[in-house]
Structure formats: C-alpha cells, structure tokens
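This report refers to the structure that appears directly beneath it.
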Amino acid sequence: MAATLLSHNYFPVFNAPRIVSLNPFEPPNPNRYHYAVTGPRFPKPNQPQLTHSNASKTLIESSNITLMDALRSFIDSGSIENALHVFEEMNHSDTFTWNIMIKGLVQNGLFKEAINYFHRMEFGGARPDKFTYPFLLKACAGLLSLKEGEKVHGKLIKVGLDLDVYICNSLISMYMKAGCVESGENVFEEMSVRDLVSWNAMVSGYQLVGDGLSSLVCLREMVSVGIRPDRFSFISGLGACSIQGCGRNGKEIHCQVIRNGFEMDPRVETSLIDMYGKCGNATYAERVFNMIVDKNIVAWNAMVAGYVSNARFYESFSCVKKMQDVGKLMPDLITMINLLPACAQTGALLMGKSIHASAIRKGFLPHIVLETALVDFYGRCRKLKLAEHVFTRINGKNLASWNAMIAAYVQNGWYSEALELFLDIWYNSVKLDAITFASILPAYAEVTSLSEGRQIHAVVTKLGLSSSNTIISNSIIYLYAKCGDLQTARRCFDGMVCKDVVSWNTIIMAYAIHGFGRISIQLFHKMIENGIKPNKSTFVSLLSACSISGMVDEGWEYFNSMKRDYDIDPGIEHFGCMLDLIGRTGNLDLAKHFIEEMPLVPTARIWGSLLAASRKNNDIELAEVAAKHALSLEHDNTGCYILLSNMYAEAGRWEDVEKIRTLMIRDGIAKTMGCSTVEKDYKVHRFVNQDGSNAQVSMVNDVKNIITKMTAEEEDVYAHRTTKLRRTDLTRKKPNVPENHSVRWGISFGLISTELGSTVLVRKNIRICEDCHNFAKKVSKMCKREIVVGDSKVFHHFQDGNCSCGDYW
DNA sequence: GTAGGGTTAG
C-alpha cells in the first residue's frame, strides 16, 4: 500500500501539509497502524505505542518521547507510513532528520520516493552531508538507474565528498549493481585508502554482473595485500564459484571459511550449500546442510535447489516434506519456484498443478518469477494452453517470461507461434539475450528459409553470441544443415573452439540427414579420439546415419556396442533407427520379430517405421497391422493414412482407398498439402501441386513440361507403378498427377533461376514420392546439375542419375 | 545519534 500512497511527487512542495490521510478517498482508519504495534521489532521498551496519527501526536506530546525518537522507532520497525506522519510534524531544517527519513524510505524499497525526498531536502534548505549520500546512492542502485547515480556522483565531486571511503564504497556498489563495471573499477582505482568494504564491494560487484572469474581474482588479490576476508567476502566468493561452476575454487573457499571461523554463520552455510549444489556436488551440499542445527527456510530452499539442479528430483520432493515435518516450515514462494522444474522433469503434472493452486491460495500470485516458472513447467508438460493461460496474464512481462513462452512453443513444435512472439519482442526493441536465441533457433531450423537462417546467424554473430555460446553455435550448425547448406554447417562446426557432445551429435546428424553416412561414422570416431564421451543422442545420430545410408552391418555393430562399450541402454529412438535399417533390407520377418523382442513398448514411430518397410516391400497385410497400431496411438497421423491409401491405390483396391478417405473426413483429418520452396535473391518461391494453368508461372510450366517430356522418353522400371498411380489421381483432380507435384515445379524453377552448373536446392514439407524421386534423378543426369531436395525427413542429393539415399527413404 | 559490502528464485 505504501508504494501507492507515496507515489505522489512531493517535490518541490515546501512545508507540505501534514499527511493525515495519505489517500484523500480513504477515511481515517483507527486500525491502520495495527501492524506497527505488532511488528516483530516493535514495541521496544520506552518506545511509543502509536495507534493513530492524532493519537500518536497526543501521546508523544504528553510523554517524554521526542518526535525524533518516534521517527527512529517507526523507521526501525519498518512502519514507514507512521514514520512519514511523524516526519511531517517535525522541523525540516535539520539534516539528521532528513537522513533518517531517507534511510527509512530506502530500507523499505521506496527508492523513487527517497530520491524525491532528497530533492525536497535540498530545496528546503537542509544541506545533505556524508551520511545522506550513501542512502541516496543505495536508492539509485535499487532503481538500477545509472543516470541518477551519475548525477549524484557529479554532485559529490562538486561538494568535495567524493574522497570519503564510505561514499566511495557506496559509489562502487551503485555502479556495479547498475552494471557499469568500468566506473566501479575507476572509483576503486582512484581511492587513496581502501578498506575491507571497498574490496568486498568489488568482489560482490563482479559476482553480481556475472563475472565470477574477476570476483575470485579480486578476492585473492585482497588477501595478498593483507586484508582479511570476512563473511561478506566469503559469501560473494562462493557466489562467484557458483557462476563459474567451479567446485575446486569453492572447496578452497570452504577451507578458508573454516580457518576464519565462519562455518557456523547461517548465511555462509547457505552460500556453501548453494555453491556445492550449483557446482554439481549435491552430496557436499547435503553434508553442509546436515551440519546446520537450526535450519531456516533459506537453507532448506538452497538444499531443494541443489537436488533439483543435480537431477535428484525425488530427493527434492522428500526434502520439502522433511522441511514441513521436521523443520516445521511451510513451503514459501521460492520453494515452489524450485520445485516446479522437478515436477516438469518427472512428469508430475498433478503436483505442479497443486503447487499452482497452493500459490494462488497463499496469495503468492501474481509474482513474475513464479509465473515464469509455471509457464516453463506447463510448457515442458506439453500443456501449452495452460502455459499460454499463465503467460498472457503476467503483468509486466520481462525477458525471462518471454523466453519461457518461446521455449514452450518451440518444445511443443508450435514454431510459427514461437517465431511470431520472438519477432514481436524483437521489433519492439527488447534487448534479447543468449537464452532467447538458444530457444528460438531450433524453430528457425524447422521452418525458415536458408536466407532467413543466414540473417539470424548474422544477428547472433553481431551480438557476439555465436562464438561464445556453445548452445547457440550448436543450434546454428543444425540450422544450416536443416536449411540444406551442409558446407556452412561444417564450417561453423570446424570454427568452434569449445565443441561439446551436442556439437558432435549435431554434425553427425547433419551428415546423416544429407545421406553422407560414411562421414558421420568418421566424425564419430574423431569424436571418440578427441576424448568426448558419446551419449544416447550420439547413437541416435549415428544409427540414423547407418539407416539413411543403408550401412546395415555398421548399424548393427554400433547398436551392439552401445551397452557393451559405452554402458548406454538402447532407448526407443535407437530401436526405431534399427527398425528403419532392417526395413531397408526387406526382411520383414526380422522387422516383426525385432518389434516383438524389443524390451520397450512400441510407439507410433516404431509402427510407422514398420509401415514404411511394408510399403517398400509391398506387403499390404503387414502394412494394415502396422497402420492399425500406429493409428491407435496417434489417431491424427496423416502420413499413416496416406501411405496406406497409396498402397491400396497401387493394388487397385479403390474401395479401400475410398474407405480411408471417408475415415479421414469423419475424423477431420486433412491431407497435408504438398508444398515446395526454392529461394532466389532472398525471396522464397513457394509451389503447390497445380496443373499449370496459373499464368504467373507459365514460364516455369513450359520448362517443367519440356523436362517432363524429355525424362518420360526414357521409360524406366517404375513405369508400371506410375501408370497405376496416375489412374487413381486422375479420377479425382488434375493437380495430384505426379507430373504436377510441387517438387517438379520447384526443380524447374530452380534450374532456370540459378547459375548454370550450380546446385538446385528445393525444400519440401512432406516426403517426396517415388515418381518425383525418379524424375529428379533423371534431371540431375540430363542437366548435369546437382539437385538437392530436402523433404520432411532427409535431404536427397541427386547427382548424375543417382540419389544419396540409395532409393530407400 | 545516521553511512558502505552479504544467503535461497524464472
């Protein structure tokens, strides 16, 4: 309430009227000061028990208590409204009175008001002194207002107070909090006398701006010049270790803490728990935690966070239970914020929801951090509507909340919504951070064009994020690979200084989806040589490479090596890759057997893989079984319906084709419209299946017809199948004839709009059909051009009549 | 008689 009531600008009102009721619309309330008399630090012996401003006046007048005593009592007890009432009763010529009042405002977080009162003080004739300025600088720091802070600094130079140690320390702290490290360093450098607090201000300042290394260097330097660190130094130093994730430095500081006798300090203990938790050593965090006799909520919360950040989710739950049962403490806002990621990771949707409900009941909402944690939680639990529900209601959204919503969209495949939100904040000149880009880049990889991909790459490079941030660099590699530019993907990979396991997994997958499985295998071995330990995803990339490039023996060898050599249990994704591989060999019995023997429950993706294998080997019965299973798990799997329908069509089973069509209509499943895109001069040209009657594309149509005629002259082994398909489609509408498929439009357009001899790149939203695949092969030979078609799964590199996929996809 | 540096959170 105080913040609202005090938001009037009192400056420059001299001798302001007494604030009897701060709100003119509110009648005097005798209970208003109730909390003042029941506050934890009030009443103290010989201090006034004020219940009403008028009453307080009478009380004060009739007792020996001075107004100054009353003011200080109210300030000490945090009863700022009462303090203001008393202050307005007082003489305003005394600097000391103003100092106390400004101190009270700052202590209560009323920074703007503190600055306003400072101006009132100056204009009222009271002269600010060396005590006033530290309060004022704290207010500037609280507002994170470098501008206000610099103004104060200027004034200090003018009045000659800029050499005072206390004031310099306040200046350092203000500059560091406002993020202006250089100014903080300048003040520190120019001080003729530095004390312990000056050093602490630097150590904590570096830590605050996220420069853990400088903070630790500063701490070391401070010891080397003979200053003995205190609890403040250690708390900041431990915070610096947390940033660096450097447990070794943390342990060193822990030793110093013990040597200096601070191991029983509750805040130092909490910082130790926090440091060990963040440095990946939850066991040491536990050890420190268990030593604490009287654990407060902050220590409990730090321990809960330690468990969560070390993926010990179930221990985080039992820790909260113990906190209630043994510690007799109720979860607070921070406990909830800590627990939500654990709920998301363990799929505990109900627990997360009950935390949400409890937060509402306890009045913790609205709260920006908790709301953001909820958006993140619902996003990870695939409850996107709930995430949106929380997100849209956040008042004063900040970058973290936007990032959470963007990440939620991306994780759930809502790429265009993610891009829309991203562009919205981008155009509104919001300063974005590494997390924003790390979140949005996978969406770019899925839906954008190569030129847009290049643009976003340029943006992150300009911001200095593409070389310094491994997550972003990895996303960029994937982006280029998915946009069809494998060479640039490789260049980015080679240029990375700190490659992690994800970088290697990404580049192995990049070559895999482009059909260069041999290179994927080479890279895998290079990764091992470089001492990088492969993980589950590495084998998804590697087995995909073997499957896409048809390297059957190698695939089995790597699959068997997972547990044997790397102690990795194959997951469902690995079984999926192997099934694709078996499907390729045409051994459908083995494929069936493989599914039966699998130690995991088959997913829709597994059945989809069997369906694809059945189609490739023309086994309608098995295809029906596979489709039935797949559709029971994913009723809206469009590809499944289409694949089966095409098989019926090829077999001339028109009634079954019709049945599927009816089923699809009944369930509201629309066939995905085939669409191909080609880029030219930063513009994306989009083609859909059409019959060529559109005048705008007549030239492309002419080219397409000429090439089609030329390719048709060489009859091929697929002629029989092509004729069958044609008859089906002709019974419906003209654009579905394979000759009119979007990819042929794309290829034709690519051929005439790019430089002679250069590669033609076409991207397609669904899988390429056999006719078009055949067409592209012939065109590549005829025109002596490499044609790359990226469909929804792989990139087909057509060259000299052959395709990198080996005709299996 | 007043002042500076500190613990858990997206």
Side-chain angles (χ1 to χ4, degrees), chain A residues 66 68-69 71-72 75-76 94-104 106-107 129-138 141 161 164-174 176-177 187 194-205 207-208 222 229-239 242 262 265-275 277-278 285 289 292 295-306 308-309 332-341 364 367-377 379 390 394 397-405 407 435:
Chain A
T66 62
M68 179 52 74
D69 287 334
L71 178 69
R72 293 175 74 180
I75 297 283
D76 285 345
D94 182 21
T95 296
F96 180 66
T97 318
W98 281 101
N99 288 350
I100 297 297
M101 192 62 243
I102 293 171
K103 167 190 165 184
V106 174
Q107 275 176 355
D129 61 7
K130 62 176 181 175
F131 294 104
T132 322
Y133 287 99
F135 296 132
L136 188 62
L137 287 166
K138 213 173 189 174
L161 279 171
D164 182 276
V165 182
Y166 277 80
I167 285 175
C168 283
N169 293 343
S170 300
L171 276 168
I172 294 170
S173 181
M174 180 276 294
M176 296 303 241
K177 279 181 187 153
V187 174
R194 300 180 191 111
D195 64 6
L196 172 64
V197 180
S198 323
W199 284 94
N200 282 348
M202 291 304 288
V203 176
S204 96
Q207 184 238 328
L208 275 175
M222 153 184 187
D230 67 354
R231 67 196 66 204
F232 294 91
S233 332
F234 290 129
I235 290 166
S236 301
L238 289 167
S242 303
F262 293 115
D265 183 286
R267 292 186 186 192
V268 175
E269 284 169 319
T270 309
S271 294
L272 280 165
I273 297 168
D274 180 55
M275 179 277 293
K278 290 199 172 115
F289 180 72
I292 306 177
K295 301 171 180 78
N296 65 17
I297 186 102
V298 186
W300 282 99
N301 284 341
M303 194 59 242
V304 172
V308 177
S309 58
D332 70 356
L333 182 84
I334 293 170
T335 321
M336 295 183 181
I337 292 165
N338 279 328
L339 273 184
L340 283 167
F364 292 161
H367 183 280
I368 185 84
V369 180
L370 181 57
E371 286 163 315
T372 306
L374 282 165
V375 170
D376 180 74
F377 161 74
V390 176
I394 299 178
K397 297 178 182 67
N398 61 21
L399 187 55
S401 38
W402 278 309
N403 286 348
M405 194 64 234
I435 298 172

>> The side chain of A:I235 is closest to which nucleotide in this list: B:dG10, B:dA9, B:dT7?
In response: B:dT7
> Checking only heavy atoms, does the side chain of A:D230 share a donor-acceptor pair with the base of B:dG6 at less than 3.5 Å?
Replying inline: no
>> Less than 4.0 angstrom between a side-chain N/O of A:K138 and OP1 or OP2 of B:dA3, yes or no?
In response: no
> For A:D332, which contact category applies under a 4.0 Å heavy-atom criterion: base, sugar-phosphate, or nothing?
Replying inline: nothing
>> Please report the distance, rounded to the nearest Å, between CG in A:L333 and P in B:dT7.
In response: 17 Å
>> Between the base of B:dG6 and the ring of A:F232 - centre-to-centre under 5.5 Å, planes within under 30° - is that a stack?
In response: no
> When the distance from CG of A:N200 to P of B:dT7 is rounded to whole Å, what number comes out?
Replying inline: 12 Å
>> What's A:V165 touching, base or sugar-phosphate or nothing? Going by heavy atoms closer than 4.0 Å.
In response: base
> Is a donor on one side and an acceptor on the other found under 3.5 Å between the side chain of A:D69 and the backbone of A:R72?
Replying inline: no
>> Applying a 4.0 Å non-hydrogen cut-off, can you work out what A:L238 is touching in the nucleic acid: base, sugar-phosphate, or nothing?
In response: nothing
> Closest approach of A:C168 and A:V187, non-hydrogen atoms and distance?
Replying inline: O-CG1, 3.8 Å
>> At 4.0 Å (heavy atoms only), tell me whether A:A400 reaches a base, stays on the sugar-phosphate, or touches nothing.
In response: base
>> For a quick check of understanding: with a heavy-atom distance under 4.0 Å over all strands, which category does A:N403 fall into, base, sugar-phosphate or nothing?
In response: nothing
>> Less than 3.5 Å apart, any donor N or O on the side chain of A:S271 or A:D274 sitting next to an acceptor on the other?
In response: no
>> Going by the rule ring pair (Phe, Tyr, Trp, His ring centres under 6.0 Å), which residues pair with A:F135 if we only count those two or more places apart in sequence or in a different chain?
In response: none
> So what does A:M336 touch, heavy atoms closer than 4.0 Å: a base, only the sugar-phosphate, or nothing?
Replying inline: nothing
>> I need the CD1-C1' distance between A:I75 and B:dA3, as an integer number of Å.
In response: 15 Å
>> Below the 4.0 Å mark, does B:dA9 have OP1 or OP2 next to a side-chain nitrogen or oxygen of A:K278?
In response: yes
> In whole angstrom, what separates A:H367's NE2 from B:dG10's C1'?
Replying inline: 10 Å
>> Side-chain N or O of A:T270 versus OP1/OP2 of B:dT8: is the shortest distance under 4.0 Å?
In response: no
>> Could you work out, with ring pair (Phe, Tyr, Trp, His ring centres under 6.0 Å) as the rule, every residue matching A:W300, not counting sequence neighbours?
In response: A:F289
> What is the distance from CZ of A:F262 to P of B:dG6, rounded to the nearest Å?
Replying inline: 16 Å
>> Heavy atoms only, 4.0 Å cut-off, all strands: where does A:D274 land among base, sugar-phosphate and nothing?
In response: sugar-phosphate
>> Looking only at side-chain N and O atoms, does A:N301 offer a donor or acceptor that is under 3.5 Å from a partner on A:N338?
In response: no
> A:L196 near the nucleic acid: base, sugar-phosphate alone, or nothing, with a heavy-atom cut-off under 4.0 Å?
Replying inline: base
> When the distance from CZ of A:F135 to P of B:dG1 is rounded to whole Å, what number comes out?
Replying inline: 15 Å
> Whole Å only: how far is the CG atom of A:L161 from the C1' atom of B:dA3?
Replying inline: 12 Å
